[in-house]
Amino acid sequence: MNQVTVSAPGKLVLFGEHAVVYGKPCIVTSVNQRMYLKAQKLSEPIFILNAPDVSIKNYKKSLKDVGIGELPKGATFVEIALKNFIEHHPIDTSGVYISTYSDFKSTFGFGSSSASTVCTIFALSKLFDVKLSNKQIFDLSYKTVLDIQGVGSGFDIAAATYGGTLFFVKGGQMIEQLSISNYKLVVGYTGIKADTPTIVKEIQAKRDKDPKFIDNIFNHIEQIVIQAKEALLKNDLEKFGSLMDENQTYLENLRVSSKILERLIKAARKAGAYGVKLSGAGGGDCMIALAPLSKKRAVEDAIEKAGGQVIKVEVNAEGVKTEN
Ligand code: MEV
């Protein structure tokens, strides 16, 4: 194979963000806005990357220098994924051309870095005929993210790899596919990009100062996640919604919510949602609302009126796959 195009879904965390970094479970769903990646073999031992969505145009270096020196921000995840792939599965002398394109903006918090990492590992495995299981794709992609960020539970990597809706424990200790009925989420973007590693480190500092207070919150969140799994499996949307509200209260107690998030959340609740919460690290990115179908439009309008941007997504999307 000389060339392959693959795609991986973005994600939204439904329950359990932050606590998941400390070994508690979370629930994450994949969304139908996808990252696409084309990989091509080259006859020279070079690496070329085009990723216009993150301002990378004809970035080029010798294959032996991959991962070395200062890397442009937009190239980092693909380049370190390539480095990790080559280290684990030495390829012949040929080089690689990669280009990426995304349905969604990297500012949404849909996990564009993770999706591009998973796409890179999967595409290279196809291109160089290396058989990798989903767990091996997950492990190499998670290693890539940790090499770069040093922190992270890996649920976004799992969502990009496996797709669907997952009950997940840090590092892939548990990755359980939940068989659920379809439901509609309303997603509102705040217009602000969250700095996830910084927020995660802030929570770590708070926990170092007052472990009892923070661990108590994490224990409550864990109970919510366990109940949410049951509610999802039973398609009990009202319960699912009320657990979202409860989870949001604990995120507010952690002080990771923000004025704009809370404005959108309040507006969605007032318009009749079953439940609403932020999704992800907090501080910005997106909020999610679950509403009865009859109120979905009103909830969307309320979010827009409050200054948010409604992003249309379907949940439970397919994991990483070949496109051609
Ligand atoms: C960020 O989307 C979610 C966090 O739980 C961090 C992580 O799980 O890697 C805050």
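For ligands, and for the atoms within them, numbers begin at 1 and follow the listed sequence. Every heavy atom of this structure was used, including side-chain atoms; hydrogens, water molecules and symmetry mates were not.
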A.B. asks: Enumerate, one pair per line, all nitrogen or oxygen atoms of ligand 1 lying under 3.5 Å from a protein nitrogen or oxygen, stating the separation to 0.1 Å; write 'none' if no such pair exists.
C.D. replies:
unit_1	atom_1	unit_2	atom_2	d
ligand 1	5 (O)	His18	N	2.8
ligand 1	8 (O)	Ser153	OG	2.6
ligand 1	9 (O)	Ser153	N	2.8
ligand 1	9 (O)	Ser153	OG	3.4

A.B. asks: With a 4.5 Å cut-off on side-chain heavy atoms, are Lys24 and Gln223 touching?
C.D. replies: no
A.B. asks: Less than 6.0 Å separating the ring centroids of Tyr97 and Phe47?
C.D. replies: no
A.B. asks: Assess the pair Phe15 and Phe240: is the distance between their ring centroids shorter than 6.0 Å?
C.D. replies: yes
A.B. asks: With a 6.0 Å cut-off on the ring centroids, do Phe104 and Phe108 count as close?
C.D. replies: no
A.B. asks: Is it true that the side chains of Thr144 and Asn84 contain a donor and an acceptor less than 3.5 Å apart?
C.D. replies: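 There is such a pair between these side chains.
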A.B. asks: Does Lys229 make a cation-pi contact with Phe167, if we ask for NZ or CZ under 6.0 Å from the ring centre and within 45° of the axis?
C.D. replies: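 Yes.
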